Structures are given as C-alpha cells and as structure tokens.
Amino acid sequence: MSGWIAVAGLGPGDDALVTPEVQASLDQATDVIGYIPYVARVAPRDGLTLHPSDNRVELDRASHALRLAAEGRRVVVVSSGDPGVFAMASALFEALEAGPRDWLTLDIRILPGITAMLAAAARLGAPLGHDFCAINLSDNLKPWTLIEQRLRLAAQAGFAMGFYNPRSKSRPHQFARALEILREECGGERLISFARDVTKAGEVLRTVTLAEATPEMADMRTVVILGNADTRRVGRFVYTPRRAG
Ligand code: SAH
C-alpha cells in the first residue's frame with residue numbers, strides 16, 4: 001500500500017455535518033493527527049493510531065504527517081470546520097515547502113468541511129446573503145495593527161463579516177477595541193450575532209445591535225457575524241438581502 005495524506009475538516013461539531021468523503025478517509029486511515037479535542041472526535045478502532053497534540057504546534061504536526069505518509073501510512077490530519085479556514089491545510093503546505101523535495105510527489109488531498117461561519121449563518125437565517133469576508137481576530141500570526149486596518153477597510157467596503165478566534169483569555173482587551181472600531185465605522189444600529197458552540201450541545205445564538213454588544217458576548221468558542229448596512233430581522237431570523245447599492 002502506498003501512503004497518502006488527507007487534510008480533513010470535521011465540520012462545526014455535529015456528526016451529521018461530517019461529509020461522507022471525510023468519513024471515508026477516516027475509515028481507511030492508519031493514523032489520525034490533530035489538536036487534542038479534534039482527534040477526540042474520531043472513534044478509535046483496531047489498526048488506527050491516534051496522535052493528539054497540543055495547540056500551536058501546527059508545523060510539527062504537519063511535518064509528522066508528511067513523514068508518516070512518506071513511510072507508506074494513510075494519514076488523516078483533522079481540523080474543525082474546514083481545513084482551509086485558519087487551520088491545518090496551509091500549515092501542511094508550509095511544511096511541504098520547507099521539507100525534502102521527494103515529499104512533493106506524495107498523494108495529498110484537502111477534504112473540505114463546513115466552516116463555523118457558514119454553519120452559524122445557516123442557524124441565524126442568511127446574514128451572509130450578500131458580499132462578505134472572514135477575519136481571524138487573533139494576533140498570533142499577524143500584527144494587531146493589520147487587524148484594525150482590515151476591520152476598517154472591510155467596513156468601509158460594505159462587507160458583512162465573520163470573525164474567528166474573537167476573544168481569548170490571553171488577549172481580553174482586543175475584542176473590545178474591535179467593537180469600538182466597528183461602531184465608529186458602521187454606527188450603533190448595525191446587527192451583530194454571536195454564535196457559540198454551533199451545532200453542539202449547548203449551542204447559543206444571540207443577535208444584538210453594535211450599540212448593545214459587549215466583549216463578554218464572545219469567547220474562543222464563538223464565531224461572530226456582523227451584518228452589512230441592509231442586514232435586518234424577519235421574525236426570529238436575521239438576513240441580508242441579495243441586492244445592494
Ligand atoms: N477551521 C475552523 C476554524 C478554526 S479557528 C473552521 O473552519 O470552522 C477556531 C475558531 O473557529 C474559534 O475560535 C471560533 O471562532 C470558530 N469555531 C469553530 N467551531 C465553532 C463552533 N462549533 N461554534 C462557534 N464557533 C466555532
């Protein structure tokens with residue numbers, strides 16, 4: 001058997017949202033690599049080795065996966081949501097770029113999953129029904145000044161926005177600053193939704209205006225969706241019309 005790597009998205013949490021393609025790769029795998037809580041979502045079985053690792057070791061994890069595949073193993077690297085959205089797919093290609101040339105011939109596939117922003121949008125209604133962008137609010141891999149600049153320019157361009165990694169214990173003040181910038185650019189009436197543990201037990205959805213929004217409404221298990229200037233409520237739903245301008 002020759003080895004391969006699949007970088008797979010497990011979706012936001014609910015097993016019903018794992019694609020059949022991702023499930024098939026897990027069924028054929030000899031090794032599963034990923035952050036501890038994501039590997040914990042994979043059922044153990046004979047012939048399958050689970051390699052849970054801590055957060056923030058993405059490059060080591062990616063090189064480990066490439067080495068195992070080069071040895072002939074069938075490796076699935078798991079991410080939550082989609083592996084291409086602030087997750088392992090880019091880390092794998094960074095390791096591939098820095099690694100030995102013969103890794104370039106490995107059988108590597110990226111298997112998409114349902115990203116948190118889209119799962120949350122579906123729960124809320126259709127807040128991303130017009131043009132939108134996604135911004136990672138963590139300054140782990142980019143300077144905070146760049147995040148502020150992107151928030152302002154995206155707001156000025158009229159995009160609805162999805163925010164990942166909005167607020168962690170290690171940087172509690174930045175999300176308050178992000179809300180301040182958004183209030184300056186969009187005004188207090190703009191709708192903002194906080195979606196925590198989407199599709200998991202204990203899911204919480206909450207929509208308020210920017211004037212009402214407080215930093216405590218978000219944590220690292222929350223994806224935040226800001227509407228555009230036309231985003232509105234209809235009954236219990238939030239939606240953005242298909243037209244603008
Ligand atoms: N690759 C993932 C994102 C990883 S970044 C994806 O495509 O969804 C981690 C961030 O994703 C979290 O801080 C949170 O903002 C968001 N997130 C992931 N799963 C979530 C869920 N079930 N509910 C709400 N937010 C989630």
Side-chain angles (χ1 to χ4, degrees), residues 6-19 21-22 25 32-42 52-59 61-62 65 76-94 110-125 127-128 132-142 144 147 150-151 160-172 174-176 178-179 182 192-207 213 215-226 238:
V7 189
L10 297 176
D14 184 347
D15 285 343
L17 299 183
V18 176
T19 69
E21 180 184 51
V22 166
S25 77
V32 171
I33 293 183
Y35 179 38
I36 298 158
Y38 307 154
V39 172
R41 286 176 54 189
V42 177
S53 52
D54 208 346
N55 215 352
R56 297 201 180 191
V57 293
E58 289 90 353
L59 265 191
R61 203 185 277 151
V76 179
V77 180
V78 287
S79 284
S80 73
D82 181 273
V85 180
F86 312 128
M88 281 305 295
S90 288
L92 189 97
F93 290 119
E94 286 170 27
I110 310 300
L111 310 183
I114 296 175
T115 191
M117 175 180 71
L118 297 185
R123 279 286 201 263
L124 292 160
L128 304 177
F132 64 89
C133 64
I135 301 180
N136 186 344
L137 293 187
S138 165
D139 66 349
N140 186 20
L141 298 170
K142 63 186 166 191
W144 177 254
I147 297 174
R150 287 188 175 163
L151 288 173
M161 301 177 217
F163 301 128
Y164 287 79
N165 297 311
R167 183 166 166 267
S168 80
K169 289 193 188 85
S170 60
R171 44 184 179 84
Q174 290 177 346
F175 187 60
L179 287 177
L182 294 171
I192 185 169
S193 301
F194 297 85
R196 184 172 200 267
D197 282 345
V198 175
T199 80
K200 298 183 190 174
E203 175 185 274
V204 181
L205 300 172
R206 185 172 188 187
T207 299
E216 296 70 35
M217 291 178 182
D219 63 9
M220 288 301 270
R221 287 160 63 177
T222 305
V223 64
V224 181
I225 295 186
L226 179 76
V238 177

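Every value quoted in this text rests on a predicted model; they were computed, and no experiment measured them. As the structure lists them, so they are numbered: ligands from 1, and atoms in each ligand from 1.
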Trainee: Give the atoms of ligand 1, by number and element, whose distance to some non-hydrogen atom of A195 is under 4.0 Å.
Mentor: 24 (C)
Trainee: Do F163 and L151 have side chains that approach each other closer than 4.5 Å (heavy atoms only, starting at C-beta)?
Mentor: yes
Trainee: For ligand 1, indicate whether the residue P166 contacts it via side chain, backbone, both or neither (heavy-atom separation under 4.0 Å).
Mentor: side chain
Trainee: Pull out every atom of ligand 1 sitting under 4.0 Å from any heavy atom of K200, numbered as shown with elements.
Mentor: 22 (N)
Trainee: Please list the nearest protein heavy atom to atom 9 (C) of ligand 1 with its residue and the distance rounded to 0.1 Å.
Mentor: N165 OD1, 3.3 Å
Trainee: As an exercise, identify every atom of ligand 1 less than 4.0 angstrom from a heavy atom of A87.
Mentor: 1 (N)
Trainee: Just to be sure I read this right, does ligand 1 sit under 4.0 Å from the backbone of V224, its side chain, both, or neither, counting only heavy atoms?
Mentor: neither
Trainee: Whether the side chain of R41 engages the backbone of L10 through a donor-acceptor N/O pair (distance < 3.5 Å, no angle test) should be reported.
Mentor: yes
Trainee: Of the listed options (T115, L10, I114), which comes nearest to atom 6 (C) of ligand 1 when hydrogens are ignored and any heavy atom counts?
Mentor: T115
Trainee: Would you confirm whether T19, through its side chain, and V22, through its main-chain N or O, come within 3.5 Å as a donor-acceptor pair?
Mentor: yes
Trainee: At what distance, to the nearest 0.5 angstrom, does CG of N140 lie from CG of L137?
Mentor: 13.0 Å
Trainee: Work out whether the distance between some heavy atom of D82 and some atom of ligand 1 is less than 4.0 Å.
Mentor: yes
Trainee: Among protein heavy atoms, which sits nearest to atom 15 (O) of ligand 1, and what does the distance come to when rounded to 0.1 Å?
Mentor: T222 O, 2.7 Å
Trainee: For a 4.5 angstrom cut-off between non-hydrogen side-chain atoms, does N165 reach M220?
Mentor: yes
Trainee: Identify the closest protein heavy atom to atom 13 (O) of ligand 1: which residue and atom is it, and at what distance?
Mentor: M220 O, 2.6 Å
Trainee: Measure the distance from atom 22 (N) of ligand 1 to every protein heavy atom, then report the residue, atom name and distance (to 0.1 Å) of the closest one.
Mentor: P12 O, 2.9 Å
Trainee: Could you see which bit of D197 sits under 4.0 Å from ligand 1, with heavy atoms only: side chain, backbone, both or neither?
Mentor: backbone
Trainee: Calculate, to the nearest 0.5 Å, the distance between atoms CZ and OG belonging to R171 and S138 respectively.
Mentor: 4.0 Å
Trainee: Quick check on contacts: which atoms of ligand 1 are under 4.0 angstrom from a heavy atom of R221?
Mentor: 23 (N), 24 (C), 25 (N)
Trainee: May I ask which of F194, Y35, Y164 has a heavy atom nearer to atom 16 (C) of ligand 1 than the others do?
Mentor: Y164
Trainee: I'd like to check R167 versus L179 (side-chain heavy atoms, cut-off strictly below 4.5 Å). Are they in contact?
Mentor: no
Trainee: Of the protein's non-hydrogen atoms, which lies at the shortest distance from atom 2 (C) of ligand 1, and what is that distance?
Mentor: S80 O, 3.2 Å
Trainee: Could you check atom 19 (N) of ligand 1 against the protein and tell me its nearest heavy-atom contact, residue, atom and distance included?
Mentor: A116 CB, 3.8 Å
Trainee: Please list the nearest protein heavy atom to atom 3 (C) of ligand 1 with its residue and the distance rounded to 0.1 Å.
Mentor: V85 O, 3.6 Å
Trainee: Nearest 0.5 Å, what's the CG-CD1 distance between L182 and I192?
Mentor: 6.5 Å
Trainee: May I ask you to identify the nearest protein heavy atom to atom 21 (C) of ligand 1, giving residue, atom name and distance to one decimal place in Å?
Mentor: V198 N, 3.6 Å
Trainee: Using atom types as modelled and distance alone, determine if a side-chain donor or acceptor of R61 lies under 3.5 Å from a backbone N or O of L92.
Mentor: no
Trainee: When rounded to the nearest 0.5 angstrom, what is the spacing between OH in Y35 and CE in M88?
Mentor: 13.0 Å
Trainee: Any side-chain to backbone donor/acceptor pair from D197 onto E203? Under 3.5 Å, distance only.
Mentor: no
